[in-house]
Amino acid sequence: MKPEQFPEHIRPHLVPRPKGDLYYKCLGCGAGYPVKKLLYVCPACDAVLMLHNRNQEDLHKIEGTTWQQIFDYRRMLKIPALKGIYRYHEFIGPVIPLESIIYLGEGHTPVVEASGFLTEKVGLRFYFKNDGQNPSASFKDRGMASALSSIKFLLDQGLVSDVIAVCASTGDTSAAAALYASYLRPLIKSAVLLPHKKVTVQQLSQPLGSGAKVFEIPGVFDDCMKIVEHLSTRYSVVLLNSKNAWRILGQESYSYEIAQDFDWDMARKVVVVPIGNAGNISAIMNGFLKFFKAGIINQLPKIIGVQSEHADPVYQYYLEPDESKRVFTPVDTKPSVAQAAMIGNPVSMPRVVAIAKEYNQESGHDNVFFVQVTEQAIMDWQLTANQNGHIACTQGGECLAGLVKSRAMGLVSSDETAVLNATAHAIKFSEFQDLYFKNKIPDAYHIVPDPDRMNLPELITPDNPDLVPSQEKRLGKSEFAQFIAEISGKIAHKMHLTSAD
Ligand SMILES: *Cc1c(COP(=O)(O)O)cnc(C)c1O
Ligand SMILES: [Zn+2]
């Protein structure tokens, strides 16, 4: 539909113009800083930052129901800049002009309901939101679209040049960073730091394929992060980790999409998120808060953050019920199949603490919960999900394990509806599936494969080993017919097929 064909009251809002007054706000001392400069931590107190809009209240002058219509009508536009996370421009990055927006197909990922069979098994209705269907196959593209659009905005104004972007990663951040940075070649070059042997083959191939410089570092993610922080304080580099507040802003789109997917009705909804560096859960809570304050949704959904017992610093922090007694202590991680969330010292911990508190206050009751799951449950539920029509990664499996745990603990009831974050595509993490099926998961994971869930290919060969077709030597007509009949017979026998007539 063309802009002139939309209803009159929507038309002025349909194609957004740069507006608003964004600034970095320090979560420690409250100081504010302009966004015309690259900034990751507060120069005064070193705490992490959030992006705020000084004119956020202006957005509340438009009725919530009008906003709903604006976003529903925007869905029909054919303007590329508004096809992704910037459909929610006023809430995602109001200062960015459409010309500076990078759109590579991110956002608006499918929400797929669990089958009747799986729903029965779990005990309540639930959906996977497939963020693995983003361009680099994880949710990280949401934040990267935002971060790289903000850099393009600075480049377009001549405020920065010859950008060198760096990040540390458990695999998916580097894939997303390298992809989005490569789109801005030659204005921007990227380098990524990965913990040696702690990312999957697929994840390693992604930044290499996008042409980024890839450095492998001995140690775990938390060690890589320290090196990147060291680099960013001493050299002129752009940091693309979730310390970068633009990443958080872009990832808020996940919540806006859930609101729109469920026709703005958040009653009895539960949003389940795996936690690693804690950027995503911060963004998701913040997104719902912004829509709630603008009257676009009239309730805040329940939030459940899930961590593996092998990397659970956020869960441990919240075990203490008395807020004034809580102390954050980083943990040393143990090997986890939810490898993308295997982080012992989350950068966004101060964001979680501040935002979860506000979320509970605005909800009028406790509405943010943290659960811990075993490695065994993560693997078993991932495989169960995928054997019932889903494409969840191990972190998606972690969400489902977390939902099952929450149900058992009485945190959710059978009349609620859950939305689970399948944060990456299953194929990025197929190595763990492979190890499980081959019964070769190292002991440190504490996973024993369930024979009912294991699945291996079976090679079917003819009794006469010479009677096989190959590219070099094709079989004669009758030999080939014999081959087809013999192999078919063997498959029919194994599958207990009955004859068609
Ligand atoms: C990064 C990542 C996570 C963890 O998200 P945080 O924002 O670091 O908490 C979970 N799953 C996948 C697939 C990821 O790539
Ligand atoms: Zn500060």
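Nothing fancy with the numbering, it's 1 onward along the sequence. Predicted model, so just to flag it, every value in this text is computed and none were measured. Each ligand, and each atom within it, is numbered from 1 in the order the structure gives.
Side chain of Asn134 to main chain of Ser136: no donor-acceptor pair is present (N/O by atom type, distance under 3.5 Å, no hydrogens or angles). Between the side chain of Glu416 and the backbone N or O of Ser413, at least one donor-acceptor pair lies under 3.5 Å.
Note: Tyr254 and Phe139 fail the aromatic proximity criterion, with ring centroids not under 6.0 Å apart. For Tyr127 and Phe262, the ring centers sit closer than 6.0 Å to each other. Outside the 6.0 Å centre-distance limit, the rings of Tyr315 and Phe370 are not counted as a close aromatic pair.
Here His89 pairs with nothing under the ring-ring contact (aromatic ring centres under 6.0 Å, His included) rule; sequence neighbours left out. For His446, the ring-ring contact (aromatic ring centres under 6.0 Å, His included) test picks out His310, with sequence neighbours left out.
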Do any nitrogen or oxygen atoms of ligand 1 lie under 3.5 Å from a protein nitrogen or oxygen, and which ones?
from: ligand 1; atom 1: 7 (O); to: Gly279; atom 2: N; distance (Å): 3.2
from: ligand 1; atom 1: 7 (O); to: Asn280; atom 2: N; distance (Å): 2.8
from: ligand 1; atom 1: 8 (O); to: Asn277; atom 2: N; distance (Å): 2.7
from: ligand 1; atom 1: 9 (O); to: Gly276; atom 2: N; distance (Å): 2.8
from: ligand 1; atom 1: 9 (O); to: Asn277; atom 2: N; distance (Å): 3.2
from: ligand 1; atom 1: 9 (O); to: Ala278; atom 2: N; distance (Å): 2.8
from: ligand 1; atom 1: 11 (N); to: Thr423; atom 2: OG1; distance (Å): 2.8
from: ligand 1; atom 1: 15 (O); to: Lys140; atom 2: NZ; distance (Å): 2.6
from: ligand 1; atom 1: 15 (O); to: Asp172; atom 2: OD2; distance (Å): 2.6

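Here Asp322 does not pair with Arg326 in a salt bridge; the nearest charged N to carboxylate O distance is not below 4.0 Å. A salt bridge links Glu358 with Lys293; the closest basic N to acidic carboxylate O contact falls under 4.0 Å.
Tally of protein N, O or S atoms closer to the Zn ion (ligand 2) than 2.8 Å: 4.
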